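Labels below follow one simple rule: chain letters A, B, ... track the order of the sequence lines, proteins then strands, and each chain is numbered from 1. Fair warning: this is a prediction, and the values are worked out from it, not measured in the lab.
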Amino acid sequence: MSFEKFISEANEAVKFSLKKLEIKNETFNLTEPTREEFGDLSCNVAFLLTKQLQKSPHVIASMLVEQYHQFRKTDSNSQSYISSVVAHESGYINFEANLALIGEEVISHILKNDNLRVDIGKGKKVIIEHTSVNPNKALHVGHLRNVAIGDTIYRILRDTNHDVKVLNYVDDSGLQVADILVGFLFLKFPVTPPNNNIKFDTYCGNEIYVKVNDLYEKDPTLVEKRKLLLKKLEQGDPEIISFASEITSKVLKDQLRTCWRMKARYDLLNFESHIIISKLWEKTFERMRNENIIIKETEGENAGCWVFGSDVEGIKIIVRSDGTATYIAKDIPYALLKVGTLEDQFRYQVFLKQWDNTTLWSSTTDDLNEANQLNFFPAEDSITVIDNRQTRLQKIIKEILNKFESNSNRYMHLAYGPVLLSNRTAKDLGMESENQKSVQMSGRKGVFVDADFVLDTLYRKAREETIKRNPDITGKDLERTSEEIAISAMRYSLIKNDLDKELKFDMIDSLSLDGNSGPYLQYAYARCCRLIEKSNINSFSGDASLLSDPIEYRLIKHLSKYALSIEDTIKNMEPKLIALYAYELATMFNLFYEKLPILKESDVELSQARISLVEAIRKILKIFISFVGIIPLERM
RNA sequence: GGGCCCAUAGUUCAGUUUGGAUAGAAUGGCUGCCUGCGGAGCAGUUGGUCGAGGGUUCAAGUCCCUCUGGGCCCGCCA
């Protein structure tokens with residue numbers, strides 16, 4: 001795209017001038033200046049040469065710019081993306097872009113192409129695993145951050161020509177599942193919730209899980225019972241497995257309803273029980289022994305254990321002295337499957353149809369005759385979205401993969417900070433908070449905010465607003481619009497911040513539909529749509545060279561960077577960059593809308609040029625907000 | 001005890017990867033803008049010793065060191 005061409009031309013220009021002055025090649029930076037009056041690109045090369053040349057930055061900059069101007073004189077007939085170069089007294093060399101030229105290229109490129117896909121992946125196969133919530137409770141807002149990050153990355157990769165498969169790992173045989181089994185089997189909780197209105201996942205998480213954990217302290221025999229159940233689960237006791245499977249699949253289906261509500265989708269569910277049954281762990285264990293990746297300790301405190309000597313983390317026990325696998329061990333076969341060190345021997349069956357009509361598959365241990373050997377594994381790259389408390393373990397897993405065939409760079413842990421409840425929200429929910437700024441959530445203690453509860457509250461708020469603004473909207477339209485505004489508000493608020501940082505969740509702030517929010521972006525999009533609709537134009541042939549207002553230039557410049565923004569997002573795995581780009585575009589558009597007449601412009605040609613600009617903005621905005629999971633609404 | 005992350009306006013956050021020009025948004029408070037293309041908008045105003053101290057540099061919110069405060073991880077738990 002054109003802005004890249006501008007950058008590379010500026011880069012060439014500086015290099016050319018340096019060469020002319022016989023200055024040895026310095027590495028310099030071209031960055032976007034802090035203020036608009038300094039142009040569109042600044043070069044710091046003069047600062048770097050002060051020592052070498054014993055001259056002030058401004059003098060050096062002037063010398064270089066002089067060279068460029070002489071060159072341009074001899075080459076004045078070729079078209080340039082640079083419209084001016086100035087040596088600023090500060091020492092910067094400031095480039096101004098030829099926005100008339102860039103505008104024409106960019107607008108016509110956007111308008112002419114139905115498919116604005118940036119081909120970054122070139123068909124590369126990528127696996128992304130996200131959500132992976134234990135199937136014993138309903139999702140809380142913390143899980144939603146995982147879903148939003150994972151699904152956003154999925155959407156971006158998919159639309160940049162990656163062959164993406166989305167995985168959701170279901171730990172259906174772990175401790176947390178054993179906890180609720182204790183509730184059903186020993187505390188006699190009915191399998192059908194007494195209250196018909198409660199979702200099954202909420203019932204398990206809010207009533208059984210919390211209650212059981214509460215009772216462990218009072219009744220130690222219950223802990224023993226759980227231990228027994230866990231052992232049976234891990235060893236594949238048919239009766240327990242079958243009961244557990246009945247419970248977990250009911251919970252899972254309810255959890256998926258919440259994820260689908262968030263407009264996430266998946267390709268494959270992998271059950272831990274299937275990994276156990278298929279003996280994948282045994283195979284992994286054998287290979288690790290054979291290849292001397294793990295060794296058996298014969299003396300000391302870890303005598304009898306199989307351990308992995310990590311370079312960074314020291315000795316890590318993989319198999320206990322009683323022969324059972326530790327927590328980290330269970331993740332190894334799955335990771336090996338992803339990168340292809342272990343062969344995929346699973347069969348697959350249809351689990352459910354999803355909201356977007358795609359098929360959700362699941363691994364199966366049933367011996368099916370149908371040809372359901374799908375190619376989910378392996379992938380060239382695999383991304384696992386897990387919160388940053390697992391960073392240490394994930395590092396070790398990478399190290400172990402590396403021992404197999406140095407392919408650990410194909411396995412990436414995408415870490416993010418946990419979601420905390422703001423002091424205010426914690427208080428509102430009746431949770432104690434001793435003057436802290438925020439409160440950790442805990443499913444076990446019942447300190448969390450249910451995801452559907454938040455979405456329902458957001459929905460009611462959006463509905464209120466929608467009715468206020470559109471008195472004529474009713475029924476299904478009203479419901480759909482309100483829901484889509486609610487989801488968009490939620491997804492945007494989960495994605496717009498830095499992944500590293502903890503996310504403070506405040507119920508009242510998250511209900512805001514103004515300012516830097518999902519609905520703000522939807523509103524800008526809806527405005528674009530209305531303008532296009534009212535203009536009655538369906539072929540856009542406006543002359544972009546007529547657009548010369550600074551506001552229009554800013555829009556053109558921003559539009560010309562859309563591909564760069566997508567590349568940056570993928571390179572750095574920073575979904576917030578997409579959110580930021582979309583927000584800036586919407587802000588610029590709103591200003592444009594406010595200050596310059598579009599349909600009302602009396603100069604017909606200028607009006608058409610502006611309508612074309614609006615259409616270009618609309619197309620790009622749609623792509624970007626859709627990445628984040630914001631639903632583009634033509635009216636709201 | 002060891003390791004990782006964080007600290008910027010009353011509040012929630014950008015900006016730190018790659019040092020650069022007057023540190024930006026949003027929100028809150030105050031004030032303007034619809035007989036104008038949709039006011040979920042736009043504009044103005046208020047609000048900052050960038051946690052503290054030292055160092056490197058022509059130049060530090062950004063790099064280095066020390067310290068303080070907060071969080072997380074470090075089990076033959078999961």
Side-chain angles (χ1 to χ4, degrees), chain A residues 27 29 31 33-35 37-38 42 44 47 50-51 56-57 88-92 94 134 171 174-176 178-179 230 297 301-307 312-314 316-324 326-328 330 387-393 395 415 417-418 420 422 424 436-438 440 462 465-466 468-470 485 489 493 496-498 500-506 509-510 512-524 526-527 530-531 534-535 571-572 574 576 579-580 583-584 586-587 589-601 607 610-611 614 635-636:
Chain A
T27 52
N29 271 340
T31 52
T34 46
R35 291 164 64 195
E37 61 190 85
F38 297 139
S42 291
N44 66 344
F47 296 105
T50 46
K51 264 205 180 128
S56 79
H88 190 264
E89 58 183 345
S90 63
Y92 278 106
N94 290 335
N134 282 317
D171 182 359
L175 192 72
Q176 301 209 6
D179 281 331
L230 185 61
E297 296 271 15
E301 52 178 357
N302 295 334
C305 297
W306 288 91
V307 301
V312 266
E313 303 292 342
K316 197 78 198 167
I317 294 168
I318 304 295
V319 175
R320 301 184 190 101
S321 53
D322 67 0
T324 56
T326 56
Y327 178 64
I328 184 171
K330 293 176 191 166
D387 77 61
N388 60 18
R389 286 172 301 194
Q390 301 262 359
T391 302
R392 219 184 175 96
L393 283 184
K395 229 185 243 172
L420 310 179
S422 74
R424 177 167 62 177
Q436 298 158 343
K437 281 196 131 181
S438 46
Q440 278 279 347
E465 293 292 320
T466 308
K468 211 187 289 174
R469 290 159 222 274
N470 306 282
I485 291 169
S493 73
K496 71 174 178 189
N497 291 338
D498 201 288
D500 281 340
K501 291 188 181 164
E502 294 160 347
L503 186 78
K504 266 164 224 138
F505 180 78
D506 185 89
D509 287 350
S510 78
S512 159
L513 308 176
D514 309 322
N516 190 353
S517 70
Y520 176 90
L521 300 180
Q522 283 178 307
Y523 186 67
R527 272 182 157 177
R530 290 289 283 158
L531 285 171
K534 284 198 164 183
S535 75
K571 199 174 97 195
N572 303 312
E574 281 282 11
K576 70 174 176 190
L580 182 68
Y583 176 65
E584 285 176 346
T587 304
F589 166 72
N590 276 331
L591 183 63
F592 168 63
Y593 179 89
E594 197 76 24
K595 301 291 180 201
L596 300 174
I598 302 163
L599 301 177
K600 289 182 305 182
E601 170 57 51
S607 174
R610 286 185 176 156
I611 292 164
V614 171
R635 294 179 192 223
M636 61 185 285

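Nucleotides B/U8 and B/A25, compared at atom C1', are 13 Å apart to the nearest Å. Between B/U18 and B/U62, the distance separating the two P atoms is 15 Å to the nearest Å. Taking atom P on both nucleotides, B/G19 is separated from B/G1 by 35 Å, rounded to a whole Å. Only the P atoms considered, B/A14 is 32 Å distant from B/U57, to the nearest whole Å. Comparing B/C77 with B/C63, their C1' atoms sit 41 Å apart, to the nearest whole Å. Taking atom P on both B/G61 and B/U16, the two are 14 Å apart, rounded to the nearest angstrom. Rounded to the nearest Å, the gap between the C1' atom of B/A26 and that of B/U46 is 15 Å. For B/G70 and B/C33, the P atoms lie 49 Å apart once the distance is rounded to whole Å.
Looking at heavy-atom distances under 4.0 Å, A/E313 makes no contact with the nucleic acid at all. At a threshold of 4.0 angstrom between heavy atoms, the contacts of A/N94 include nucleobase atoms, whether or not backbone atoms are also involved. Heavy atoms of A/I485 sit under 4.0 angstrom from at least one base atom. Nucleic acid contact class of A/A303 (heavy atoms, under 4.0 Å, all strands): base. If you check every strand for non-hydrogen atoms under 4.0 Å, A/D498 touches sugar and phosphate atoms only.
Distances from the side chain of A/R527 to the nucleotides B/A14, B/G39, B/C58 place B/G39 closest. For A/R389, whose side chain is taken as the heavy atoms from C-beta onward, the closest listed nucleotide among B/C72, B/A21, B/A78 is B/C72.
Remark: A/Y520 is in phosphate contact with B/C42, judged by side-chain N or O atoms under 4.0 Å from OP1 or OP2. Not one side-chain nitrogen or oxygen of A/R610 sits closer than 4.0 Å to the OP1 or OP2 atom of B/C37. Proximity of A/K496 to the phosphate of B/C13: no side-chain N or O atom is located under 4.0 Å from OP1 or OP2. For B/C72, one of the phosphate oxygens OP1 or OP2 lies less than 4.0 angstrom from a side-chain nitrogen or oxygen of A/Q440. Within the 4.0 Å cut-off from OP1 or OP2 of B/A7, at least one side-chain nitrogen or oxygen of A/K501 is found. Here A/N590 reaches the OP1 or OP2 of B/C42: one of its side-chain N or O atoms lies under 4.0 Å away. Of the side-chain N and O atoms in A/K576, one or more sit less than 4.0 angstrom from OP1 or OP2 of B/G15.
In this structure, the aromatic ring of A/F38 is positioned over the six-membered ring of the base of B/A21, centres within 5.5 Å and planes within 30°.
Under the 4.5 Å side-chain criterion, counting only non-hydrogen atoms from C-beta, A/R610 is in contact with A/L596.
Atom OG in A/S493 sits 7.0 Å away from atom CZ in A/F505 (nearest 0.5 Å).
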**Study point:** Steps toward salt bridge (charged side-chain N to carboxylate O under 4.0 Å, His left out) verdict (A/R320, A/D322)
**Key:** CA-CA 5 Å; A/R320 301 184 190 101; A/D322 67 0; 5.0 Å; no
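Here A/R424 pairs with A/D509 in a salt bridge; the nearest charged N to carboxylate O distance falls below 4.0 Å.
The closest side-chain donor-acceptor pair between A/N590 and A/Y520 falls under 3.5 angstrom.
Both A/M636 and A/I317 lie near RNA chain B, and the one whose nearest nucleotide falls closer to the 5' end is A/M636.
The local environment of CD in A/E37 is crowded, with over 12 non-hydrogen atoms from other residues, nucleotides or ligands closer than 6.0 Å.
Between the side chain of A/E502 and the base of B/G71 there is no donor-acceptor pair of N/O atoms closer than 3.5 Å. Between the base of B/C73 and the side chain of A/R392 there is a donor-acceptor pair shorter than 3.5 Å.
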